[in-house]
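Just below is one structure, and these are the notes that go with it.
All values below were derived from every heavy atom in this structure, side-chain atoms included, with hydrogens, water molecules and symmetry-related copies excluded.
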Amino acid sequence: MDGGRVARVLVDEPAIDKRFDYLVPESVGDQVRVGDRVRIALAGRRVGGWVMDLDVDPPPGVELRPLARWSGRGPTPDLLELAGWAAWRWAGRPASFLRTASPERVVTGLPSPAAPWAGPSGGGEPGPVGRLAAEALARPRSVVRLPPATDPTDVALAAARRGHTLVLCPTAALARHVADRLDRVGVAVARHPHDWALGAAGATVVGTRAAAWAPVGHLAAVVVIDEHDEAHQQEQAPTWHARDVAAERARRAGVPCTLTSPVPSLEALAWGELLTLPRTAERAGWPVVDVVDMRREDPRTGLLPPRLVAVLRSDRRVVCILNRTGRARVLACAACGELARCERCDANVTQPDEHRLVCLRCGAERPVVCSACGGVRLKALRQGVTRVRDELEALVGEPVAEISGAPGPGAGDPGTRVVVGTEAGLHQVRRADVVAFLDVDQELLAPRYRAAEQALGLVARAARLVGGKERGGRLVVQTFLPQHEVVQAALHGDPARVADAESRRRELLRFPPSAALAEVSGPAAEAFVAALGTPFGVEVLGPADGRWLVRAPDHAALCGALAATERPPGRLRVAVDPPRI
DNA sequence: CGGACAAGCTGA
DNA sequence: CAGCTTGTCCGG
């Protein structure tokens, strides 16, 4: 043999979970490193891949072909190993993680690393949040609970002053804000994914979920902002969570990991040490909360009782949240009282606009007529956003905008003082004085095990929009359950009320974090569940709706069982830690 | 994944 | 038994 280098390559094709060996051409022999992107000829076609190992002994009796092309730098060796771990943890393929860990455009060389901290020495006396952050960063695993009105950037700043930090944010807007603020005080910032190479060389990397896979030269700390936010978790399988990837990464690197959140998840609380501001300071960072006890209101005023009307008629900017689209979700005939049902499948029909009734189950449409008596007046038993918008407009005597999830025309009409929309619309709003939850019970009672946490997360987002008590921020919460811990937590600015009640419930019901769950669905789900069996401590629930739930005492048992099960042919989705069940 | 090839079905 | 479908295996 001629002693040329041999590279072991993982193909960028998640369906091919195998490594192939190639000869490294002399021309690129010096620059090829583990993690680099390459192109190879495989079974007559060209595919991309990653160098997983160099100078390996190829299997005997195979004629090696040369790499077709060297395509530049890729994930660092620590990220290759992290991808292997994540593939186990979320029952996915390493290739899908390595894609996320690779630069968008070809990177052939890295710039020189940035000085970790280029700002004025000291950078001013740290405030209470800075001191709390410093305390947090002295621990390997910490959770900093900051009220909604407090800018979490101070935690990222405290970390960045210690060295190159990885900062993960749930939204691009927040990542931009954090990066801008760090930039302004002299931190060397790499914005992921644009500044991939700078981060790899060494800088404080700021980005959204995908940045959990950004290379960071000389990593000194990891910070996850708003750790409770569901945007940190990928919706498609593998359903990996940036918080968990970040925490594992910090652990492997031996650097501190700090999570921030106004409403820390039970997962976070079970993982690290909780640090909070003094009670009075945290309370002040929550808005004033008006709890409207709907049991005492006149039912004829519907979703718009007098107390809300008074707020609406002030000069304040008000956002009304109702998580029901269309005009009405449940209707009854005004004449005979019969509930409006689908004529084809008998399910409830909804009214998306003035002229149509639509069945959400089978899609059948018909005009707005009672099928029992032929009456043409139907009353909305459960109103939707569109209907409420009409009523609000009549009530306040000025234009009221409806905001939807999709940003588009009319989404954030700045001239409109009162807007109404679903929770997705809350993302569209930049500024508000008051956020009113017209029917918060819908969130509290949602048939999902995380409903309470998710409801408090929604309230916290609204709270951030209106600001704390000193800024005059105000929330209106309309509920038939004024004693519910989510309502009480918001009222007292004390998220522990939800965490305590919820953690007891989860333990009792054996839901995460007291257990680990995976949801198995798709045509091949049944075969997969059969092959899985029920090894030590693992149980299978279902099927319901063609989906199975796999439960185990912890992730080691769950992921171990999933990894030991061969995938049957056919489409299969395995969602570890499913967020919405 | 996508091509190669082998084993099974159909029709005369 | 050609001609086609379906399934399984393999790629360096």
Side-chain angles (χ1 to χ4, degrees), chain A residues 1-75 77 79-81 83-84 86-106 210 213 234-240 520-533 562-576:
Chain A
M1 279 312 182
D2 63 357
R5 308 187 80 186
V6 175
R8 184 152 291 170
V9 175
L10 176 70
V11 182
D12 184 3
E13 196 75 71
I16 307 176
D17 200 18
K18 198 181 164 185
R19 282 130 212 243
F20 299 95
D21 293 343
Y22 288 83
L23 289 170
V24 179
E26 288 290 328
S27 53
V28 292
D30 296 339
Q31 54 189 333
V32 172
R33 297 192 207 149
V34 170
D36 281 358
R37 306 265 301 126
V38 291
R39 287 192 80 74
I40 54 168
L42 181 72
R45 64 205 169 107
R46 287 259 182 129
V47 287
W50 295 272
V51 175
M52 303 301 281
D53 214 344
L54 274 170
D55 306 316
V56 295
D57 291 326
V62 246
E63 184 77 9
L64 297 191
R65 299 159 130 273
L67 294 172
R69 180 165 156 55
W70 177 76
S71 326
R73 298 275 169 249
L79 289 171
L80 297 187
E81 286 181 23
W88 169 83
R89 174 66 175 70
W90 285 282
R93 303 295 173 101
S96 65
F97 297 104
L98 295 181
R99 273 183 199 174
T100 310
S102 300
E104 287 179 327
R105 276 188 275 274
V106 173
W213 295 96
Q234 175 154 297
E235 277 185 49
Q236 307 101 315
T239 53
W240 60 277
V520 182
S521 58
E526 188 164 11
F528 181 81
V529 167
L532 178 74
L562 294 175
T565 306
E566 212 172 318
R567 285 182 174 234
R571 286 185 55 82
L572 175 73
R573 178 183 142 97
V574 179
V576 177

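At least one side-chain heavy atom of A:Thr239 sits less than 4.5 Å from a side-chain heavy atom of A:Arg573. Looking at heavy atoms from C-beta onward, A:Val9 lies in side-chain contact with A:Leu67 at the 4.5 angstrom threshold. Considering only heavy atoms from C-beta on, A:Arg19 stays 4.5 Å or farther from A:Trp50 through its side chain. Two residues are said to be in side-chain contact when any heavy atoms from C-beta on lie closer than 4.5 Å; A:Pro94 and A:Asp17 meet this criterion.
Look at CG on A:Asp21: it is 12 Å from P on C:dG11, rounded to the nearest Å. Whole-Å rounding puts the A:Leu64 CG to C:dG11 P distance at 12 Å. Rounded to whole Å, atom C1' of C:dC10 lies 14 Å from atom CZ of A:Arg65. Between the CD1 atom of A:Ile16 and the C1' atom of B:dG3 there is a distance of 11 Å, rounded to whole Å. Distance, A:Leu10 CG to C:dG12 C1': 13 Å, rounded to whole Å. For the pair A:Phe20 CZ and C:dC10 P, the computed distance is 11 Å after rounding to whole Å. Following rounding to the nearest Å, A:Glu13 (CD) and B:dC1 (C1') show an atom-to-atom distance of 5 Å. When the C1' atom of C:dG11 is taken as reference, atom CD of A:Glu63 falls 14 Å away, rounded to whole Å.
Residue A:Ala43 has its side chain nearest to C:dG11 when only C:dG12, C:dG11, B:dC1 are considered.
Side-chain N/O atoms of A:Lys18 include none lying less than 4.0 angstrom from OP1 or OP2 on C:dG12. Contact check, A:Arg45 against B:dG2: no side-chain N or O comes under 4.0 Å of OP1 or OP2.
Take A:Asp21 and apply the salt bridge (Lys or Arg N to Asp or Glu O under 4.0 Å) test, not counting sequence neighbours, and it matches A:Arg8.
Note on A:Pro59: a base of the nucleic acid sits closer than 4.0 angstrom, heavy atoms only. At the heavy-atom level, A:Arg19 lies under 4.0 Å from base atoms of the strands shown.
No more than 12 heavy atoms of other residues, nucleotides or ligands shown are found within 6.0 angstrom of CZ on A:Arg33.
Non-hydrogen atoms lying under 4.0 Å from DNA chain B are contributed by nothing in residues 66-75 of chain A.
Geometrically, A:Arg37 does not engage A:Trp70 in a cation-pi contact defined by less than 6.0 Å to the ring centre and at most 45° from the axis.
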